[in-house]
Student: 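Got a structure here, written out as structure tokens. Questions coming.
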Amino acid sequence: MRIKCAECGLPFRFVGIECGNSPFAPKVSVDATELRAPIEPAYVQEILGVPSVAGSA
């Protein structure tokens with residue numbers, strides 16, 4: 001996901017998140033302008049009968 005200002009077009013940066021790629025945790029691009037967040041259907045547990053890929057607290 002990338003976000004730009006609607007008025008000036010400048011990109012926003014995602015702060016406080018590590019750079020990289022992960023199927024388990026949100027990460028950002030090297031310049032922090034792209035959020036890379038793993039997602040899955042809310043009903044995946046019911047369909048597969050397994051815990052969420054992202055884990056649960």
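In this text the structure is predicted, and so the values were computed from the model without any measurement. Numbering starts at 1 and runs along the sequence shown.
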Student: Clusters formed by hydrophobic residues whose side-chain heavy atoms approach within less than 4.5 Å: which one holds Leu35, and what are its other members?
Tutor: Met1, Ile3, Phe12, Phe14, Ile17, Val28
Student: Taking only residues two or more places apart in sequence or in another chain, which ones pass salt bridge (Lys or Arg N to Asp or Glu O under 4.0 Å) with Arg13?
Tutor: none
Student: Just grab all the salt bridge (Lys or Arg N to Asp or Glu O under 4.0 Å) pairs involving residues 26-39, residues at least two apart or on different chains.
Tutor: Arg2-Glu34, Glu18-Lys27, Glu34-Arg36
Student: My understanding is that a hydrophobic cluster links ILVMFWY residues whose side chain heavy atoms are under 4.5 Å apart, including indirect links. Using that, what else belongs to the cluster containing Ile39?
Tutor: none
Student: Just to verify, what does Glu7 make a salt bridge (Lys or Arg N to Asp or Glu O under 4.0 Å) with, not counting sequence neighbours?
Tutor: none
Student: Using a 4.5 Å cut-off between side-chain heavy atoms of Ile, Leu, Val, Met, Phe, Trp and Tyr, which other residues end up in the same hydrophobic cluster as Val15?
Tutor: none
Student: Identify the two heavy atoms, one from Pro38 and one from Pro23, that lie closest to each other, and give their separation to 0.1 Å.
Tutor: CB-O, 3.4 Å
